> 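Structure incoming, see below.
The structure presented is a predicted model; accordingly, all values stated were derived computationally and were not measured.
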Amino acid sequence: MAMKETERSLRWYFLIAGTVSAALSLNDIGTASKLTNVLGALPGSWQLAIWFPIIARLVIGVGYVAAGVKLKAALPLGATWIKQLLLASIVVLVTDAVLIGAVLGMDIGQTGMTQSIIGLVITAYLLASVRRLADEAVAKQPPSARVA
């Protein structure tokens, strides 16, 4: 029997993953800011490969925290914005993987590439779970309360 996410487990995932992601990104911003002289000497493509995932993880992390807080209210309405957040996460992860592969190469960027692939799998699973829970929540609504 396959494991199914519940509203509660999904809420906790969003809250924990979002908080950790945002905190790690803020730490990375602090570290990168201290290395401004070194990073500023790198080619633009390298700077993009460094800064894009840091900023994207911060924004997505804050979005995940918001999704965790608002999940219960969003599900009966179809959770459209949460689905869009997860699709944006997929786009960010694919972009990150492409940047890592193109700029750093597979030898240097192997860890980052692996993290992006694992992130893609987890995010696709979360998207499927949100879709399922939203469909179930919408179906429980009386016909007059459903959003067209």
> I need the full list of side chain to side chain donor-acceptor pair (under 3.5 Å) pairs touching residues 76-95, with sequence neighbours left out, sorted by first then second residue.
Tyr64-Ser89
> Leu24: what forms a side-chain contact (heavy atoms from CB on, under 4.5 Å) with it, not counting sequence neighbours?
Val20
> So, are Asp96 and Arg57 salt-bridged, with charged N and O less than 4.0 Å apart?
no
> Please name all residues satisfying side-chain contact (heavy atoms from CB on, under 4.5 Å) with Leu120, sequence neighbours left out, ordered by chain then number.
Ile90, Leu93, Val94
> For Thr6, give me all partners under side-chain contact (heavy atoms from CB on, under 4.5 Å), at least two apart in sequence or on another chain.
Arg8, Ser9
> About how many Å separate OG of Ser21 and CG of Leu58, when rounded to the nearest 0.5 Å?
7.5 Å
> With the side chain counted from C-beta on, respond yes when Val69 and Phe14 share a heavy-atom pair under 4.5 Å apart, and no when they do not.
no
> Does Ile118 share a hydrophobic cluster with Ile16, counting links as ILVMFWY side-chain heavy atoms below 4.5 Å and allowing steps through other members?
no
> Among all residues two or more places apart in sequence or in another chain, which pass the side-chain contact (heavy atoms from CB on, under 4.5 Å) test with Glu7?
Arg11, Leu71, Lys72, Leu75
> In terms of hydrophobic clustering (I, L, V, M, F, W, Y; side-chain heavy atoms under 4.5 Å; direct or indirect links), are Leu87 and Leu10 co-clustered?
yes
> Taking distance alone, no hydrogens or angles, what donor-acceptor pairs closer than 3.5 Å link side-chain atoms of residues 126-138 to residues at least two apart or in another chain?
residue : atom : partner : partner atom : Å
Ser129  : OG   : Tyr125  : O            : 3.1
Arg132  : NH1  : Glu136  : OE2          : 3.2
Arg132  : NH2  : Glu5    : O            : 2.5

> Compare every heavy atom of Ile54 with every heavy atom of Ile29, then report the nearest pair and how far apart it is.
CG1-CG2, 3.4 Å
> For Ala67 and Leu85, which heavy atoms make the closest approach, and how far apart are they?
CB-CD2, 4.2 Å
